[in-house]
Each structure stands twice: as structure tokens, then as C-alpha cells.
Amino acid sequence: MARETLAELLDPATTVLLTSECQQGVVGEESALPELAEQARSSGALTNIARLVAAAHYASVQVMHAVAERRPDGRGSNHNARLFHAVSRLPVLQISGTKAVRIAPPIEVAEEDLVVRRLHGLSPMAGTDVDALLRNLGCRTLIVTGVSANVAIPNTVFDAVNLGYRVVVPADAIAGVPADYTPLMIRNTLALISSVTTTDEILAAWKG
């Protein structure tokens, strides 16, 4: 059986573009994680995500934004790892309803986009409606973008593959820290279970 072309894999009718934690309190100018925010911007990842979102809107590809947030009292949030304790002490908290959990520029949110919020876990698919929404949308291929290559991105890719989705990762539309960690994660882990490509290649596939 011939291998699918990228254009076939990214059929707009069965593809969903997911942005992970591209919110102002994470990748914005007033980020709780300034090193990660700087890397997302200086690497071009945030710009490329915005390009992919704009192209998805034009090509009628469903866009889904996954946002991590917490209640002011912290109820329901995780406390079972060092990461969660560190996050709870940051100067900017991802409190529901605040500026910190709004999607960060230059990404533009369209009326038809879905925004899925979670109070716990390391992945947009952990305990949320994401899987059910994707199935209702007829999704077969999930494009995963955003942050971070350290935690949320690999978790999302693993979860999606385990649930039976084909996953595409544009290597220039994800970011992590330190800068040299992201290509290592892509080459040694994500490339084994997903189709690694670039923003330009995805845009070309949709134009075709």
C-alpha cells in the first residue's frame, strides 16, 4: 500500500489543528514563564502557529485551542508533582477568566474555533472533552502545536496516538526550554510516533 502524501494526511475534512497553552500567561509578554515565552517568540514558533491558524481558517480546517487554567482557590488542580507546586508559586497564575488565559497575539481566534479549558493534568486530552469533540468532528489527523516541548506537547502526542489519531507535528511550531531540547525531543521521541514536518509544508499541502 502506498504511503499517504502529506496533502492526503492533512485533508481539511478530517484534520484538526490544536494549539496547546498558547495563552498570554504562558507565551505572552506578561508570561509566568518568561524563558519559555521568549523561546516561543524568538524561535518563530508563535508566529508559525499564527500562520497555521490563519491558513486553517482559510482552508476550512477546524482549529481547537487548549488552555490550561486554575480556580483562584486551586480546587481541582494537581498537587502530585514538583511542577504543579512550582506553578502555584509563580507571580502570574493562569486564573480562569483573567487575561492570562486568553489566547496570545499574534494568534487570532475565529468564531468557529473551539476553546477547551482544563483545570488539571499535563495534556489537553486529560479529563477534558477533547477526544469526544475530535470524534464528533470526524477528525482522523491531529496537528499539534504550541508549548511546551518539555511536557504538554509530548503528552498530547502520546495521548492522541494512544487514542488512534494520526498526529502531525510541525517542528517549527512548538517550543520548549532550553532551546536545544526541542530538536532532541522531536528527533528522539516525537519522530517515532508522529509525522514531523514544517509550517511551510503544511501550508503548501493546504494550498494544493
If you define the side chain from C-beta out and look only at heavy atoms, does anything of [X] sit under 4.5 Å from [Y]?
X: Pro154; Y: Met185; answer: yes
X: Ile174; Y: Ile186; answer: yes
X: Pro106; Y: Leu46; answer: yes
X: Phe158; Y: Thr189; answer: yes
X: Glu21; Y: Gln94; answer: no
X: Asp200; Y: Arg51; answer: yes
X: Ser195; Y: Leu9; answer: yes
X: Gln39; Y: Thr182; answer: no

Check: Between Glu69 and Thr98, is a side chain to side chain contact (heavy atoms under 4.5 Å, CB included) present by the stated rule, with each step listed?
Finding: CA-CA 10 Å; Glu69 55 185 50; Thr98 66; over 6 Å; no
For [X] and [Y], which heavy atoms make the closest approach, and how far apart are they?
X: Trp206; Y: Leu52; result: CZ3-O, 3.8 Å
X: Ile95; Y: Pro72; result: CG2-CG, 3.7 Å
X: Ala37; Y: Ser31; result: CB-CB, 3.6 Å
X: Val147; Y: Val26; result: CG2-CG1, 3.7 Å
X: Asp172; Y: Asn48; result: O-ND2, 2.9 Å
X: Gly28; Y: Arg41; result: CA-NH2, 3.6 Å

Supply the atom-to-atom distance [X] [atom1] to [Y] [atom2], rounded to the nearest 0.5 angstrom.
X: Ile103; Y: Thr19; atom1: CD1; atom2: OG1; value: 5.0 Å
X: Ile143; Y: Leu10; atom1: CD1; atom2: CG; value: 5.0 Å
X: Leu119; Y: Arg70; atom1: CG; atom2: CZ; value: 9.5 Å
X: Thr47; Y: Ile107; atom1: OG1; atom2: CD1; value: 9.0 Å
X: Met64; Y: Asp113; atom1: CE; atom2: CG; value: 10.0 Å

Notebook entry, point to check: Counting only heavy atoms not in Glu108, do more than 12 sit closer than 6.0 Å to its CD atom?
Noted result: no
Answer yes if [X] and [Y] sit in the same cluster of Ile, Leu, Val, Met, Phe, Trp and Tyr residues linked by side chain heavy atoms under 4.5 Å apart, and no otherwise.
X: Ile49; Y: Val109; value: yes
X: Val177; Y: Tyr181; value: no
X: Leu133; Y: Val61; value: no
X: Val63; Y: Leu137; value: no
X: Leu18; Y: Val116; value: yes

Notebook entry, point to check: Do Gln62 side-chain atoms and Glu112 backbone N/O form a donor-acceptor pair below 3.5 Å?
Noted result: yes
Notebook entry, point to check: Does the side chain of Asp159 come under 3.5 Å of the side chain of Tyr165 through a donor N or O and an acceptor N or O?
Noted result: no
Item checked: Pairs satisfying side chain to side chain donor-acceptor pair (under 3.5 Å), at least one member in residues 137-150, at least two apart -> Thr141-Arg166
Next item on the list: Determine, step by step, whether Met125 and Leu134 satisfy the side chain to side chain contact (heavy atoms under 4.5 Å, CB included) criterion, reporting the C-alpha distance in whole Å, the side-chain angles of both residues, the deciding distance to 0.1 Å, and the verdict.
Entry: CA-CA 10 Å; Met125 291 189 164; Leu134 293 176; 3.6 Å; yes
Note to self: Please evaluate residues Arg102 and Lys99 with respect to the criterion side chain to side chain contact (heavy atoms under 4.5 Å, CB included), reporting the C-alpha separation (whole Å), side-chain torsions for both, the decisive distance (0.1 Å), and the verdict.
What the structure shows: CA-CA 5 Å; Arg102 297 176 192 163; Lys99 179 182 177 181; 4.1 Å; yes
